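Scroll down for the structure; my scribbles are underneath it.
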Amino acid sequence: MSKIATPGAVRGTQDIYGEAEERFAQVVTSFDRIRKLYGFKGLILPAIEPTAVFARSLGETTDVVSKEMYSFADRGGDSITLRPEFTAGIARAYITGGWQQYAPMKVAAHGPLFRYERPQKGRYRQFHQIDAEIIGAAKPTADVELLVMADHLLDELGIKDGVTLNLNTLGDAESRDAWHAALLEYFGDHRGALSEDSLRRLETNPLRILDSKDPDDRGICHGAPKIDAFLSHAAQDFFGAVTAGLDAAGVAWQRNAQLVRGLDYYRHTAFEFITDRLGAQGTVLGGGRYDGLIEQLGGKPTPAVGWAAGIERLAMLLNQWDISPLAIAIVAEHPEREQACIKLTARFRKAGFCAEQFVSGSPRKRYDRARKASPAILIALDLRDGAATQSLNRLDGGYARGNEAEALFAAHDFA
RNA sequence: GCGAUCGUAGUUCAAUGGUUAGAGCACCGGCUUGUGAUGCCGGAAGUUGCGGGUUCGAGUCCCGUCGGUCGCCCCA
């Protein structure tokens, strides 16, 4: 007989329980509350999409599509992909569902996403995000509304301290192309001093050199052309309206001219809320305006802006979160009182109390275990000298429903 | 894909290359306590991730492998 080998969890996945689950739930609950305040409708979408949804929106040749997606052929032979992001799926739903009729559309989603990456702090292969998008809104007020909501959420979660909003503009298509060309020329001139990684970026994605972590690269980037010199008047006005809106709403921000997006469909606003408390993974919430995406998926040209945030990262930053405290613990200190304990527990639960019964293990130790569960009220059922006894002890004087619970206890038939 | 680092009881961690691999917490049982969150006694719990090697002797040193963690790349 060989020992049965238990299969392990898939690399980069997590079993979330206990404190981690409580933190996670706090993020989702707060997000759901806040997004309703801002009129964002909930959206529940498939976790799987045709591979083309992501391949077309992200670009067939990017690392993301070629190496980091969970793709497989289903039984019919179609190529299916586990969603690596929300935005592309939302754009697909917007087009195929004929949702132009609802534009401008404010939607919010959350759930699991999948990327085949090397796990590290705050990065998993199955991870979870909250996501908010405004589709069909061309005006900068939409960008502002999204950013105000993000700021509000971080405040609600109590993690605003140490998190700063980094803001940049990528300009419109003409601005961006001109800047791109200038960067190519500049970095080309400094080719000799660039790191190996950045030399490769020069070929594949020059904008990305701007957020290189290499110290030498950083020095070169310091003198690189800034987008501001290439912004059209329209693009300047757009960015000015965004910053003015943020100031009006009292949202603190800082300009970060090095902040870029990797993909071509991004326009105008780009932003990240960044912390120094999460090691190398400092971005807790990020997004931007992607006016080109829906067209790229075959829809009519549709302006859109959105953001997403990793639930795990937000959860790690929480300092406090709601737990559901135990209201009533009911102990059977004698085996013959166990049925009475079950009956009373059921009654309290149906009356809307969070109640727990202690009917297993050593009868003599049940009381101590019940106390360790930190209930507001502790009820003990015992059998002393053949006579049934029951007592109620209020351990938390501040518990709001104490009197109600005592009345229910007093009225209960213990027979 | 690349690099660093760590894998010992359910868990957090000990154990100079040298007896039968230990302790706290958690768990189970007994005794105190009797409105008691305490205390005492006992029990169960291990292929030291896995596979090779060096050695009289390996949890410890070496090689490989798998896994965790952190970083690079990438980051939609």
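No experiment lies behind these values; they were computed from the predicted model shown. Lettering follows sequence order; numbering is per chain, from 1.
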Which is it for Phe409(A) and Ile328(A) under the side chain to side chain contact (heavy atoms under 4.5 Å, CB included) test, yes or no, and what are the steps along the way?
CA-CA 11 Å; Phe409(A) 174 76; Ile328(A) 302 175; over 6 Å; no
Has Arg364(A) got a side-chain N or O lying under 4.0 Å from the OP1 or OP2 atom of rU32(B)?
yes
Round to the nearest Å and state the distance from Glu196(A) atom CD to rG1(B) atom C1'.
14 Å
Residue pair Glu133(A) / Tyr290(A), side-chain donor-acceptor N/O under 3.5 Å
yes
Measuring only the C1' atom in each nucleotide, how far is rG7(B) from rG64(B)? A whole number of Å is fine.
16 Å
Rounded distance in Å between the C1' positions of rG49(B) and rG30(B):
37 Å
Nearest-Å distance, CG (Asp368(A)) to P (rU33(B))?
13 Å
In the 5'-to-3' direction, what one-character label does each nucleotide of nucleotides 67-76 of chain B receive under the scheme B = base within less than 4.0 Å of a protein heavy atom, S = sugar-phosphate only, - = no such atom?
-S-SBBBBBB
Pairing of Asp151(A) and Lys160(A) as salt bridge, 4.0 angstrom limit:
yes
Expressed in whole Å, how much space separates the P atoms belonging to rC31(B) and rA14(B)?
38 Å
Is the backbone N or O of Asp216(A) less than 3.5 Å from a side-chain atom of Asp214(A), with the two atoms forming a donor-acceptor pair by type?
yes
Describe the nucleic acid contact of Gly361(A) in one word from base, sugar-phosphate, nothing, applying a heavy-atom distance below 4.0 Å.
sugar-phosphate
Side-chain contact, heavy-atom cut-off 4.5 Å: His412(A) with Lys343(A)?
yes
With rounding to the closest Å, how many angstrom separate the P atoms on rA9(B) and rU60(B)?
15 Å
Give the stems involving RNA chain B, where a stem is 3 or more consecutive Watson-Crick or G-U wobble pairs (i with j, i+1 with j-1, and so on) under 3.5 Å.
B:1-7 with B:66-72, B:10-13 with B:22-25, B:27-31 with B:39-43, B:49-53 with B:61-65
Indicate the atoms forming the closest heavy-atom contact of Thr51(A) with Ser79(A), along with that distance.
OG1-OG, 2.6 Å
Among the candidates rU38(B), rG30(B), rC31(B), find the nucleotide nearest to the side-chain atoms of Lys372(A).
rU38(B)
Taking atom NZ of Lys67(A) as the centre, does the number of heavy atoms from other residues, nucleotides or ligands within less than 6.0 Å exceed 12?
no
Integer angstrom distance from the C1' of rU55(B) to that of rU11(B):
35 Å
Closest heavy-atom contact between Arg289(A) and His268(A)?
CD-CB, 4.0 Å
Provide the distance between the two C1' atoms, one in rU48(B) and one in rC61(B), to the nearest whole Å.
15 Å
Sub-3.5 Å donor-acceptor pair from the side chain of Asn256(A) to the main-chain atoms of Gln254(A), do we have one?
no
Separation of the C1' atoms in rA4(B) and rA76(B), to the nearest angstrom
28 Å
Should we say atom CD of Glu404(A) is surrounded by more than 12 heavy atoms from elsewhere, each under 6.0 Å from it?
yes
If the test is side-chain hydrogen bond (donor to acceptor under 3.5 Å, both in side chains), which one of Lys121(A), Arg313(A), Glu312(A) qualifies with Gln281(A)?
Arg313(A)
Considering only heavy atoms, which members of residues 373-394 of chain A lie under 4.0 Å from some atom of RNA chain B?
Ala380(A), Asp382(A), Arg384(A), Ser391(A), Asn393(A)
Side chain Arg125(A), main chain Tyr70(A), donor-acceptor under 3.5 Å
no
Take the protein atom OH of Tyr17(A) and the nucleotide atom P of rA26(B), then report the distance between them rounded to whole Å.
16 Å
Would you indicate what Lys67(A) reaches in the nucleic acid, counting non-hydrogen atoms under 4.0 angstrom: base, sugar-phosphate, or nothing?
nothing
Just the rounded figure in Å: distance from C1' of rU33(B) to CD of Glu333(A).
11 Å
When the C1' atoms of rU32(B) and rC25(B) are compared, how many Å lie between them, rounded to an integer?
22 Å
